[in-house]
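These notes are about the structure you will find just below.
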Amino acid sequence: MTVKELLLHHTKFARVLLCTTLIFIMSVVVGFSRISKNVCIVVDGQTKMINTINNDPKDIIRQAGIKIGTADKYVISTKNIKDGTTITIHRAVPVMVQLNNNTQKIKTTAGNVENLLKNLGYNPLNFYTMPAGNAALSPNMLIRLEPLIDKIIFRESQEPFNTVYQNDDSLPKGETKVVQEGANGIARFMVKEYYKGGKKVDEEILQKSMIKNSVPKVIAKGTYSPQTVVNGEIIPAYSSTMYVEATAYLPTDGSGSGYTATGIEAHHGVVAVDPDVIPYGTRLYIPGYGEAVAADTGGFSGRRIDLCMDSYSEAMSWGRRNVKIYILQ
């Protein structure tokens, strides 16, 4: 075999191998693209399942034996046809549109009057429609369109002011003071009004601008609790007062256990009370004694309290006295 014949032989072999490879690749690609899948078709109020190898929705609809008109539309639930895809067919409805005594019969899938006008290239605001824009379309419905006359006007209106509250520790708690009076603002609107037969039927706000901004009303709220001084003692913030007879006792008095009726250890700052008069847990201030909490009870009732002292001498020094106590906040 000559060199020329040898080269020719190798060239033919390479071409055959290339063609075989391409055929194999094409068969694999086609095989993958023609995988069978189940597709759901919704049309005319019914649902139909179909098994198909087609990838074109029109071919699948045709395979299902469903005829669609030129004005009918379909939508698919996925980007591409795959197993589980739903194809929904919307049937076009024949309607008649009357404008300036000219009536045109068309088929549409618009759904309602307003969408129909948009599909026809009309601005719904430029027409008075019968029936109204939100009316659903039905077969052979007559839709009357009457052009509206429009004009541009400018309108001013007040913008109400807001009220702002600010805490002020220079004012007693519960008091308020106006720091700044509020003032309404003025807004200017560019409005497009629509008229039918000389009667206004609609309007559209094109632009809003502020001529004068509103000024908020500012009110100061007092947070200061004025101090009460009794015999040189500063009384903390309180909600009410009460006159009682006050005596003193030691932690070892009574049962001698050193614990109160509420279970806490008796010490200075714990007072015994009649819980029907002063509930347990009430914080008190007793001039000459200081702050205390009602946490114990004694063999008495009514407006009486018994102050726990740290020592016998303190108890004897206190003795028995009538005092004005303060119920703390």
Side-chain angles (χ1 to χ4, degrees), residues 22-150 192 194-197 201-206:
L22 290 174
I23 291 171
F24 175 76
I25 293 173
M26 291 296 294
S27 64
V28 170
V29 172
V30 172
F32 276 113
S33 66
R34 307 291 283 181
I35 293 176
S36 176
K37 50 252 177 192
N38 293 312
V39 176
C40 176
I41 301 177
V42 179
V43 60
D44 302 328
Q46 298 181 344
T47 301
K48 186 173 184 178
M49 295 295 300
I50 184 169
N51 185 270
T52 182
I53 60 173
N54 290 314
N55 294 313
D56 189 326
K58 291 182 180 179
D59 292 337
I60 299 173
I61 293 171
R62 191 179 300 110
Q63 178 186 341
I66 300 170
K67 294 182 179 181
I68 58 174
T70 55
D72 294 339
K73 293 183 179 180
Y74 64 84
V75 293
I76 61 176
S77 62
T78 54
K79 185 177 180 180
N80 299 308
I81 296 295
K82 61 181 181 180
D83 191 60
T85 295
T86 297
I87 301 174
T88 303
I89 299 174
H90 299 282
R91 295 293 192 189
V93 176
V95 296
M96 291 177 289
V97 180
Q98 186 181 84
L99 175 62
N100 297 328
N101 296 322
N102 294 322
T103 303
Q104 177 186 8
K105 188 171 184 178
I106 61 173
K107 283 190 172 183
T108 179
T109 58
N112 61 31
V113 174
E114 182 175 340
N115 288 336
L116 172 62
L117 264 65
K118 292 178 180 178
N119 290 349
L120 293 174
Y122 296 141
N123 183 349
L125 291 175
N126 292 333
F127 293 90
Y128 178 79
T129 63
M130 293 178 291
N134 59 358
L137 299 181
S138 59
N140 301 315
M141 174 186 283
L142 175 62
I143 298 104
R144 294 186 177 89
L145 307 182
E146 294 188 22
L148 297 176
I149 298 174
D150 60 78
K192 190 175 186 179
Y194 297 91
Y195 291 84
K196 173 181 175 290
V201 293
D202 204 352
E203 71 175 30
E204 179 185 8
I205 296 177
L206 303 179

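What's counted below: heavy atoms across the whole structure, side chains too, no hydrogens, waters or symmetry copies.
Between atom CG of residue Asn55 and atom NZ of residue Lys37 there is a gap of 3.5 Å, rounded to the nearest 0.5 Å. Interatomic distance, Ile53 CD1 to Ile60 CD1, rounded to the nearest 0.5 Å: 10.5 Å. With values rounded to the nearest 0.5 angstrom, Lys192 atom NZ is found 14.0 Å from Ile205 atom CD1. With rounding to the nearest 0.5 angstrom, the OG1 atom of Thr108 is 7.0 Å from the CG atom of Leu120. The CG atom of Asn54 sits 10.0 Å away from atom OG of Ser36, with the distance rounded to the nearest 0.5 Å. To the nearest 0.5 angstrom, Asn140 atom CG is 6.0 Å from Met96 atom CE.
Side-chain contact between Asn115 and Lys118 is present, with heavy atoms from C-beta onward closer than 4.5 Å. By the 4.5 Å heavy-atom criterion applied to side chains, Pro124 and Thr129 are not counted as neighbours. Residues Leu125 and Asp150 are not in side-chain contact: their nearest non-hydrogen atoms beyond the backbone lie 4.5 Å or more apart. The shortest distance between side-chain heavy atoms of Arg62 and Ile68 does not fall below 4.5 Å.
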Asn126/Leu148 under side-chain contact (heavy atoms from CB on, under 4.5 Å): CA gap, chis, key distance, verdict
CA-CA 5 Å; Asn126 292 333; Leu148 297 176; 5.8 Å; no
Kindly indicate, with the supporting measurements, whether the criterion side-chain contact (heavy atoms from CB on, under 4.5 Å) is fulfilled by Val113 and Leu137.
CA-CA 7 Å; Val113 174; Leu137 299 181; 4.0 Å; yes
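Taking every heavy atom of both residues into account, Ser138 and Val95 meet most closely at O-CG1, 3.7 Å. Closest approach of Lys48 to Ala64, counting heavy atoms only: NZ-O, 2.6 Å. The minimum heavy-atom distance between Met141 and Pro131, with the atom names listed, is SD-CG, 4.0 Å.
Atom NZ of Lys58 sits in a sparse spot, with 12 or fewer heavy atoms from other residues, nucleotides or ligands closer than 6.0 Å. The 12-atom threshold is not exceeded at CD1 of Ile149, counting heavy atoms of other residues, nucleotides or ligands nearer than 6.0 Å.
Applying the ring-ring contact (aromatic ring centres under 6.0 Å, His included) criterion to Tyr128, with sequence neighbours excluded, gives no partner residue. By the side-chain hydrogen bond (donor to acceptor under 3.5 Å, both in side chains) test, Glu204 is found to be paired with Tyr194, residues two or more places apart in sequence or in another chain being considered.
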Taking only distance into account, with no hydrogens and no angle test, what donor-acceptor pairs under 3.5 Å do side-chain atoms of residues 72-82 form with protein atoms, sequence neighbours excluded?
residue	atom	partner	partner atom	Å
Asp72	OD1	Ala92	N	2.7
Asp72	OD2	Gly69	N	2.7
Asp72	OD2	Arg91	NH1	3.0
Ser77	OG	Thr86	N	2.9
Thr78	OG1	Asn80	O	2.6
Thr78	OG1	Thr85	OG1	2.7

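If you run side chain to side chain contact (heavy atoms under 4.5 Å, CB included) between Leu116 and each of Ile143, Val93, Thr109, only Ile143 comes through.
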